[in-house]
Amino acid sequence: SNECKVFVGGLGGSGLDEKSVRDLFKAAGQVEHVNLLSDNETGQLKGVGFVTMGTAVEAAKACETINGQPFNGRKVRVNMAESKRQ
């Protein structure tokens, strides 16, 4: 559900993969799912994605503690994923 999901941006660098993102977020709690977005044309990772945490509390903690952290030479942006409004 969306209260457990955070949006992640600024994931630069060549070493970017699901495991490295998972390792980054482990500090905030249980990581349920990592979804890194890639370019449809090239398949290259865009440096953005979504991380689903185990609980809403852990998702909020991820936003507080991981936002602004250095990752692959860039500062990561983490905030709550916007719920899609129809």
Side-chain angles (χ1 to χ4, degrees):
S1 63
N2 263 4
E3 63 265 19
C4 299
K5 186 187 268 192
V6 297
F7 173 79
V8 194
L11 294 166
S14 55
L16 176 59
D17 61 12
E18 199 175 296
K19 183 186 183 303
S20 59
V21 175
R22 194 175 281 273
D23 287 346
L24 178 68
F25 277 81
K26 270 196 313 208
Q30 176 70 34
V31 180
E32 295 291 340
H33 187 66
V34 175
N35 179 24
L36 299 178
L37 305 184
S38 55
D39 187 283
N40 290 336
E41 303 279 308
T42 64
Q44 289 283 90
L45 290 173
K46 291 181 173 179
V48 297
F50 294 94
V51 176
T52 306
M53 302 298 291
T55 67
V57 171
E58 289 171 340
K61 184 180 176 190
C63 291
E64 287 168 26
T65 59
I66 299 167
N67 187 49
Q69 290 288 324
F71 179 83
N72 283 349
R74 290 166 71 178
K75 283 192 175 173
V76 181
R77 296 189 313 280
V78 182
N79 38 51
M80 294 306 293
E82 295 299 316
S83 52
K84 294 271 190 290
R85 292 202 186 87
Q86 298 303 331

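Computed from a prediction, not measured in an experiment: that's the story for all the values here.
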Taking atom [atom1] of [X] and atom [atom2] of [Y], what is their separation to the nearest 0.5 Å?
| X | Y | atom1 | atom2 | value |
| --- | --- | --- | --- | --- |
| Gln44 | Ser38 | CD | OG | 9.0 Å |
| Thr52 | Asn2 | OG1 | CG | 8.5 Å |
| Glu3 | Glu58 | CD | CD | 13.0 Å |
| Asn79 | Glu64 | CG | CD | 12.5 Å |
| Leu16 | Asn72 | CG | CG | 6.5 Å |

When you compare the side chains of Asp17 and Ser20, does any donor N or O come within less than 3.5 Å of an acceptor on the partner?
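Side-chain D/A pair, Asp17 to Ser20: present.
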Are side-chain heavy atoms of [X] and [Y] found at a separation under 4.5 Å?
| X | Y | result |
| --- | --- | --- |
| Phe25 | Val8 | yes |
| Gln30 | Glu32 | yes |
| Met53 | Val31 | yes |

Identify the residue among Leu37, Val48, Leu36 that makes a side-chain contact (heavy atoms from CB on, under 4.5 Å) with Leu11.
Leu36
As a test of understanding, state which of Val21, Leu24, Asn67 forms a side-chain contact (heavy atoms from CB on, under 4.5 Å) with Val76.
Leu24
Would a single hydrophobic cluster contain both Leu45 and Phe50, if residues Ile, Leu, Val, Met, Phe, Trp and Tyr are joined by side-chain heavy-atom contacts under 4.5 Å?
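Hydrophobic grouping puts Phe50 apart from Leu45.
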Closest approach of [X] to [Y] (non-hydrogen atoms, all atoms of both residues):
| X | Y | value |
| --- | --- | --- |
| Ala28 | Thr65 | CB-OG1, 4.3 Å |
| Lys5 | Ala59 | N-CB, 4.5 Å |
| Gly10 | Arg77 | N-NH1, 3.6 Å |
| Val34 | Arg22 | N-NH2, 4.1 Å |
| Gly54 | Cys4 | O-SG, 4.1 Å |

